[in-house]
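For reference, the structure is listed below as structure tokens.
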Amino acid sequence: MPRARPYGRSNPPPTAASNPPMSVVTRFAPSPTGFLHIGGARTALFNWLFARHHEGSFTLRIEDTDRKRSTDEAIAAIFHGLSWLGLDHDGNAVFQSNNAARHAEVAEQLIVEGKAYRCYCTPEELTEMRENARNSGGSTRIYDGRWRDRDPAEAPDGIAPVVRIKMPLDGETTISDLVQGDVTRANDTLDDFIILRSDGTPTYMLAVVIDDHDMGVTHAIRGDDHLNNAFRQYHLFEACGWDVPHFAHIPLIHGADGAKLSKRHGALGVEHYEELGILPEAMRNYLLRLGWSHGDDEIIPTEQAIAWFELDSVGRSPARFDMDKLLNLNAHYLKETDPEELAAQIVAIAADTPGTTVSPAAKARLSAGLGGLTKRAKTINELIDSSELYLRDAPLAVNDKAAAILGDPEARQTLGALAEELGKITSWTEAELDQIARNFAESKGLKLGQVAQPLRAALTGSNVSPGIFEVMAVLGRDETLTRLEIAVN
RNA sequence: GUCCCCAUCGUCUAGAGGCCUAGGACACCACCCUUUCAAGGUGGAGACACGGGUUCGAACCCCGUUGGGGACGCCA
């Protein structure tokens with residue numbers, strides 16, 4: 001795609017001798033005012049994928065320009081969320097607040113060059129202008145430029161001025177967005193916005209432009225709620241004499257109500273999904289498919305995503321979050337996960353529970369029975385719950401339905417008789433146990449279910465479990481007979 | 001209100017003028033398998049927001065309408 005200055009950086013200028021292929025630099029720039037939610041996570045993912053695809057770098061910048069709203073907890077949550085998602089950034093994270101002096105310096109320089117000016121308006125004046133704009137047609141141009149060409153000598157006493165950038169008064173600006181295409185906006189809908197607050201600190205608009213430039217960002221991939229800002233930033237880049245990075249404004253993720261996802265709209269931090277037992281790989285795959293596609297492909301492991309990811313296949317319409325689909329993907333990746341690893345993880349979590357010990361026999365049972373459990377689980381948490389049956393040594397907790405089944409004297413009698421049969425045999429495989437149970441049921445004139453369900457209740461303490469002969473095989477002869485005995489009495 | 005963006009099954013999407021009586025995935029329904037629950041298999045229901053153009057031909061191009069979203073801070 002031909003662009004004016006594709007991957008240009010004006011500072012430092014690349015030398016002709018060391019002229020490596022212009023490298024892609026992306027950045028994820030969250031403001032640490034809350035947790036990392038699903039929308040931010042996807043923005044980070046897209047930036048990460050794009051950088052990895054082009055063998056460029058993915059940088060992280062914490063936009064803590066704001067005063068009191070930024071918190072250490074939020075910063076920690078962002079780092080944790082990214083790390084959980086496996087989105088590693090290159091180099092050290094940049095804290096925007098550290099660059100405040102540089103930001104102010106650039107603003108001063110712009111004043112010297114006549115591209116920016118001090119504005120001494122009071123908050124009251126601004127409010128008035130806002131009302132004026134609304135009453136006279138509702139224009140988005142609020143500030144009327146009253147200090148734009150006014151002699152600074154007329155500055156009133158006792159008013160700390162802000163610095164505003166001079167925006168073009170007429171004409172129009174076109175942004176060639178990598179996702180949205182060409183977007184044009186009339187310049188007279190943009191006013192001279194503030195770049196330096198009256199306390200001398202930079203505003204977001206100034207800080208982003210300077211930091212993006214200083215960090216050598218070639219592609220700014222962010223939510224399309226920033227599309228309007230791009231026009232302002234474009235002119236700031238121009239005023240500074242810097243190349244404008246490529247913009248890619250990706251659609252937002254909406255909540256169930258169709259509105260922008262935010263803390264108020266039921267958005268949850270990624271750590272919530274971690275706690276739910278979602279796998280990072282599944283989350284990446286899910287987030288990727290929200291707004292991006294590669295034909296009909298659905299299961300796209302991260303390596304494949306890196307190979308395929310391009311900005312031109314990002315859609316332009318907003319998407320909604322669908323937990324069912326995430327869960328489905330998670331179930332898929334759960335089955336793909338190395339069983340040994342999974343078993344170790346579950347044992348570690350179980351052993352972590354106060355007052356719980358996991359016997360070597362229990363570990364062995366889990367390893368043997370995990371496959372049957374995994375097939376039935378959508379999350380790691382479900383898997384942990386269902387693992388109880390193998391991890392606990394008798395006696396087990398019994399749920400209500402199982403208790404009801406075992407409450408029937410006839411069922412207990414059946415179990416007693418079956419236990420007797422089982423006590424006689426020495427070999428203990430799933431197929432043989434199956435056959436024995438069938439023969440037993442037939443000899444008693446019972447349906448297999450009339451034998452299997454009480455057996456399940458006795459052996460698992462539940463009315464739901466993997467195939468009961470599989471369970472018996474995994475449990476082994478002794479444990480099976482022990483559990484049966486407990487249930488019968 | 002003004003500016004900007006968007007518009008295919010309930011949801012995520014394929015589709016870049018004829019390959020579309022619109023494909024896939026999740027969810028849903030039915031059946032098969034079956035000792036429960038899943039998994040798996042088979043089948044089903046389900047969408048081009050509306051109206052005008054352009055064209056031999058439009059889900060795809062243009063205009064308008066409607067609907068949705070975003071932005072209009074000394075927040076980011």
Side-chain angles (χ1 to χ4, degrees), chain A residues 29-33 63-67 69-70 96 119 121 123 126 130 133-142 160-164 175 177 179-181 183-186 188-191 193-199 201-205 207-208 223-231 249 251-252 254 256 258-260 286 289-299 315-329 331 335 372-378 386 401 405 434 437-438 441 447-457 460 462-469:
Chain A
S31 61
T33 54
E63 308 236 313
D64 56 351
T65 306
D66 194 355
R67 337 70 44 133
R69 289 211 293 162
S70 302
Q96 193 157 63
C119 163
C121 286
L126 255 16
R130 218 175 321 261
R134 213 163 258 270
N135 295 335
S136 60
S139 163
T140 49
R141 181 176 206 140
I142 307 297
V162 297
V163 176
R164 288 180 185 271
I175 302 277
D177 192 276
V179 168
Q180 305 289 338
V183 183
T184 299
R185 182 158 178 183
D188 64 12
T189 62
L190 271 8
D191 60 10
F193 59 93
I194 295 171
I195 57 176
L196 217 55
R197 302 185 186 113
S198 53
D199 64 0
T201 60
T203 60
Y204 157 80
M205 217 61 84
V208 178
D224 72 8
D225 49 341
H226 285 287
L227 185 53
N228 288 297
N229 292 335
F231 291 95
H249 290 95
L252 300 174
H254 286 171
K260 179 181 177 179
Y286 177 70
R289 285 291 288 109
L290 232 43
W292 182 87
S293 62
H294 184 272
D296 283 338
D297 295 303
E298 296 287 348
I299 302 294
R316 275 175 296 176
S317 50
R320 295 185 192 206
F321 188 82
D322 179 12
M323 192 63 189
D324 281 335
K325 193 148 183 176
L326 207 210
L327 250 17
N328 175 271
L329 241 16
K335 292 178 189 106
L373 259 24
T374 307
K375 235 192 302 196
R376 294 168 169 76
K378 287 190 184 302
S386 64
K401 287 185 177 167
I405 292 168
D434 189 322
R438 282 175 203 279
K447 282 188 289 188
L448 185 55
Q450 290 174 285
V451 175
Q453 269 313 83
L455 201 47
R456 169 168 291 112
T460 72
S462 167
N463 55 316
V464 173
S465 82
I468 197 60
F469 307 118

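Source: prediction; values computed, not measured. Letters A, B, ... mirror the listed sequences (proteins, then strands); counts begin at 1. Below, all heavy atoms of this structure are taken into account, side chains as well, without hydrogens, waters or symmetry copies.
Using a 4.0 Å heavy-atom criterion, one finds that A:Ser31 contacts the sugar-phosphate atoms exclusively. Contact annotation for A:Asp297: no contact, since no heavy-atom pair falls under 4.0 Å across all strands. In this structure, A:Thr201 reaches neither bases nor backbone, as no heavy-atom distance under 4.0 Å exists between it and the strands shown. Contact annotation for A:Arg134: base contact, defined as any heavy-atom pair under 4.0 Å involving a base atom. Residue A:Val162 is in base contact, counting any heavy-atom pair closer than 4.0 Å across all strands shown. Among the heavy atoms of the strands lying under 4.0 Å from A:Arg185 are primed sugar atoms or P, OP1, OP2 only; no base atom is included. Base contact: A:Ser198 has a heavy atom under 4.0 Å from a base atom.
With sequence neighbours excluded, the residues that form a side-chain contact (heavy atoms from CB on, under 4.5 Å) with A:His226 are A:Tyr204, A:Arg222, A:Asn229, A:His249. Annotation: side-chain hydrogen bond (donor to acceptor under 3.5 Å, both in side chains) contacts of A:Ser465 (sequence neighbours excluded): A:Arg456. For A:Ala319, the side-chain contact (heavy atoms from CB on, under 4.5 Å) criterion is met by A:Leu290, not counting sequence neighbours. For A:Arg185, the side-chain hydrogen bond (donor to acceptor under 3.5 Å, both in side chains) criterion is met by A:Thr140, A:Thr189, A:Asn228, not counting sequence neighbours. Residues satisfying the salt bridge (charged side-chain N to carboxylate O under 4.0 Å, His left out) criterion with A:Glu63, sequence neighbours excluded, are A:Arg61. Applying the side-chain hydrogen bond (donor to acceptor under 3.5 Å, both in side chains) rule to A:Asp188 yields no partners; only residues at least two apart in sequence or on another chain are considered. For A:Asp322, there are no side-chain hydrogen bond (donor to acceptor under 3.5 Å, both in side chains) partners, not counting sequence neighbours.
For the C1' atoms, the distance linking B:A25 with B:G52 amounts to 35 Å, nearest Å. The same atom, P, is picked in B:A22 and in B:A59; the two are 11 Å apart, to the nearest Å. Taking the C1' atoms as reference points, B:G53 lies 32 Å from B:A71, given to the whole Å.
Distances shown here put every side-chain N or O of A:Arg141 at or beyond 4.0 Å from the OP1 or OP2 atom of B:U2.
Remark: B:A58 base-pairs with no nucleotide in the shown strands. Criterion, Watson-Crick or G-U wobble with two distances under 3.5 Å. The nucleotide B:U2 finds its pairing partner in B:A71, both defining distances of the Watson-Crick or G-U wobble pair being shorter than 3.5 Å. Of all nucleotides present, none satisfies the Watson-Crick or G-U wobble test against B:A22 with each distance under 3.5 Å.
Crowding of A:Lys335 atom NZ: a count of heavy atoms from other residues, nucleotides or ligands under 6.0 Å exceeding 12.
In this structure, the nucleotide among B:C72, B:C5, B:A76 sitting nearest to the side chain of A:Gln96 is B:A76. Side-chain proximity of A:Ile194 to B:G70, B:C74, B:A71: nearest is B:C74. Looking at the side chain of A:Thr140, the nearest of the listed nucleotides B:C72, B:C74, B:C12 is B:C72.
For the pair A:Ala319 and A:Ser139, nearest-nucleotide mapping onto RNA chain B gives the more 5' position to A:Ser139. Each of A:Val183 and A:Asp224 was assigned the nucleotide of RNA chain B with the nearest heavy atom; the assignment lying further toward the 5' end belongs to A:Val183.
Between the CG atom of A:Asn228 and the P atom of B:G69 there is a distance of 16 Å, rounded to whole Å.
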Please encode protein proximity along nucleotides 25-41 of chain B as a string of B, S and -, counting only heavy-atom distances under 4.0 Å. BSS-------BBBBS--
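When atom types are taken as modelled, the side chain of A:Arg289 and the backbone of A:Trp292 share a donor-acceptor pair closer than 3.5 angstrom.
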Short N/O separations, protein against nucleotides 59-68 of chain B, under 3.5 angstrom:
none

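A:Phe193 has its ring centre no less than 6.0 Å from the ring centre of A:Phe231.
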